[in-house]
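Step one of this worksheet: look at the structure below.
Chain letters run A, B, ... following the sequence lines, proteins first and then strands; every chain starts at 1.
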Number of protein chains: 2
Amino acid sequence: MKTKKKRSDCPVSFSLEAFGDKWSLLIVRDLMLKKKCTYGELAKSDEKIATNILAARLLSLEENGIIQKLEHPDSKAKVLYQLTQKGMDLIPIIVEINLWAEKYTDIPEKRKELLAQMNADKEGFIRNAFKELESNL
Amino acid sequence: MKTKKKRSDCPVSFSLEAFGDKWSLLIVRDLMLKKKCTYGELAKSDEKIATNILAARLLSLEENGIIQKLEHPDSKAKVLYQLTQKGMDLIPIIVEINLWAEKYTDIPEKRKELLAQMNADKEGFIRNAFKELESNL
DNA sequence: ACATTTACTTGCAAAAAGCAAGTGTTTTAA
DNA sequence: TTAAAACACTTGCTTTTTGCAAGTAAATGT
């Protein structure tokens, strides 16, 4: 976990230094909601992240303790990326971001079921997402 | 509200296009938690945002409907910046970001009271922040 | 009337993002 | 058993964004 000088001691600033860019939370979303776990799967995101940028963001997320790299059970050629506890703790933020977006843009069909769950029982959804992710740790 | 092509139809991506950079949420934080409302006050943030970047971010936040510019009651030389409804709806996200940071970094004294309130009664804190901000609309 | 405050803008250098192509190891298929 | 394909990246280059320092113009205070 690399230490670089903080811009300020504000907790919001601290957080943004860890994931406050256009890509990091999309990677977290894929690991969290889309169950992607390899470099190749992450590279195929809808937003078409460039491969060098993906590598850079994965490194930065790892340095920030949000994800970890593990051996993939299926093959030595693959790498298994997964959220750490610290990364899983971003679930509530991802949920609130989804709920905010729902108020101000159209939600695609494939995400509506998830949004419905978040709306019906936010705490429950978060607990559940946690449980699922924790079973991989 | 300028329309630029979306990277994808994902709600998280939509949100990040509106405030997913190193500065936008700090400006929102200042408007929301620090009761700053003029260009000069925002420019004096702990993180020392460059004046041209501040101008650019304020414009982008305005184009995204998150803040609005109004005449300042005290002087024609001043501009009053404030959160719109859409901007106020970011409160839950800001709260979750604060709570995440609290788990992983030291919180400065001046923010501890606020964090205590968020922890004691998250919903209540959010309702209250809303009420305060709405009284300015 | 003149200095100061306020909200910016401008020009340039540095950093980051984006694109296309390439590398090296591991796995699959002939 | 060997050549092709899959996989996880790297490298080199261009474009875009950020950051710094200085400047501008209107409104205000003295």
Side-chain angles (χ1 to χ4, degrees), chain A residues 2 4-8 13 16-28 30-31 34-64 67-83, chain B residues 2 4-8 12-13 16-28 30-31 34-64 67-82:
Chain A
K2 190 165 60 177
K4 42 175 176 177
K5 65 172 185 308
K6 296 170 88 173
R7 287 192 298 182
S8 78
S13 178
L16 293 179
E17 276 165 40
F19 57 75
D21 62 272
K22 291 268 183 212
W23 293 110
S24 292
L25 283 184
L26 293 179
I27 295 170
V28 170
D30 285 349
L31 294 168
K34 299 197 174 176
K35 319 289 181 202
K36 297 182 176 184
C37 62
T38 64
Y39 191 92
E41 286 171 340
L42 293 166
K44 279 183 219 118
S45 75
D46 289 347
E47 295 85 11
K48 312 224 183 301
I49 186 169
T51 174
N52 58 337
I53 306 293
L54 176 57
R57 299 289 98 199
L58 286 171
L59 181 62
S60 135
L61 286 169
E62 198 188 357
E63 286 171 345
N64 280 291
I67 64 173
Q68 59 189 157
K69 288 170 73 168
L70 298 169
E71 286 175 14
H72 199 288
D74 294 353
S75 150
K76 265 210 268 186
K78 292 185 184 179
V79 173
L80 185 67
Y81 284 100
Q82 66 177 214
L83 294 171
Chain B
K2 190 165 58 178
K4 42 176 176 178
K5 64 172 186 305
K6 295 169 90 173
R7 288 191 298 182
S8 77
V12 178
S13 178
L16 293 180
E17 276 165 41
F19 57 75
D21 63 272
K22 292 268 182 212
W23 292 110
S24 292
L25 283 184
L26 293 180
I27 295 170
V28 170
D30 285 349
L31 293 168
K34 299 196 174 177
K35 320 289 180 203
K36 296 182 177 184
C37 62
T38 65
Y39 190 93
E41 286 171 340
L42 293 166
K44 279 183 218 118
S45 76
D46 288 347
E47 294 86 9
K48 312 224 182 303
I49 186 170
T51 174
N52 57 336
I53 305 295
L54 176 58
R57 298 289 99 198
L58 287 171
L59 182 61
S60 135
L61 286 169
E62 198 188 357
E63 286 171 346
N64 280 290
I67 64 173
Q68 59 189 157
K69 288 169 74 167
L70 297 169
E71 286 176 15
H72 198 288
D74 294 354
S75 151
K76 265 210 263 187
K78 293 186 183 178
V79 173
L80 186 67
Y81 284 98
Q82 66 176 215

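When rounded to the nearest whole Å, the span between NZ of A:K22 and C1' of C:dA17 equals 12 Å. The nearest whole Å value for the distance from the CZ atom in A:R57 to the P atom in C:dA15 is 16 Å. Protein atom CG of A:L54 is 18 Å distant from nucleotide atom P of C:dA16, rounded to whole Å. D:dT24 atom P lies 17 Å from atom OH of B:Y39, rounded to whole Å. Whole-Å rounding puts the B:L59 CG to C:dT10 C1' distance at 16 Å. A:R7 places its CZ atom 11 Å from the C1' atom of D:dT18, with the value rounded to the nearest Å. Atom-to-atom, CD1 of B:I53 to C1' of C:dG11 comes out at 14 Å; the value is rounded to the nearest Å. Rounded to whole Å, the distance from CD on A:E17 to P on C:dA16 is 13 Å.
When distances run from any side-chain atom of B:K78 to the nucleotides D:dA8, C:dA17, C:dA7, the shortest one goes to C:dA7.
Considering only residues two or more places apart in sequence or on other chains, A:R57 meets the side-chain hydrogen bond (donor to acceptor under 3.5 Å, both in side chains) condition with A:D21. Applying the side-chain hydrogen bond (donor to acceptor under 3.5 Å, both in side chains) criterion to A:K35, with sequence neighbours excluded, gives A:E132. Remark: A:K36 pairs with A:D30 by the salt bridge (Lys or Arg N to Asp or Glu O under 4.0 Å) rule, at least two apart or across chains. With sequence neighbours left out, B:A56 forms a side chain to side chain contact (heavy atoms under 4.5 Å, CB included) with no residue at all. Under the side chain to side chain contact (heavy atoms under 4.5 Å, CB included) criterion, B:A55 pairs with B:Y39, sequence neighbours left out. Qualifying ring pair (Phe, Tyr, Trp, His ring centres under 6.0 Å) partners for A:F19, counting only residues two or more places apart in sequence or in other chains: B:W100. For A:E47, the salt bridge (Lys or Arg N to Asp or Glu O under 4.0 Å) partners at least two apart in sequence or on another chain are A:R29. For B:K44, there are no salt bridge (Lys or Arg N to Asp or Glu O under 4.0 Å) partners, not counting sequence neighbours.
An OP1 or OP2 oxygen of C:dA16 is reached within less than 4.0 angstrom by no side-chain nitrogen or oxygen of A:W23. For D:dC9, the OP1/OP2 oxygens have a side-chain nitrogen or oxygen of A:Y81 closer than 4.0 Å.
Between A:L26 and A:I49 the shortest side-chain heavy-atom distance does not fall below 4.5 Å.
Less than 4.0 Å separates DNA chain C from at least one heavy atom of each of the following residues of residues 69-77 of chain B: B:K69, B:A77. Of the residues in residues 42-52 of chain B, B:T51, B:N52 come within less than 4.0 Å of DNA chain C through at least one heavy atom, sorted by number.
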Name each donor-acceptor pair under 3.5 Å that joins a side chain in residues 67-75 of chain B to protein atoms two or more places apart or in another chain, with its distance.
{"unit_1": "B:H72", "atom_1": "ND1", "unit_2": "B:D74", "atom_2": "N", "d": "3.0"}
{"unit_1": "B:S75", "atom_1": "OG", "unit_2": "B:A77", "atom_2": "N", "d": "2.9"}

Got a list of protein N/O to nucleotides 1-3 of chain D N/O distances below 3.5 Å?
none

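Salt bridge annotation for A:E17-A:R7: present, with a cationic side-chain nitrogen under 4.0 angstrom from a carboxylate oxygen.
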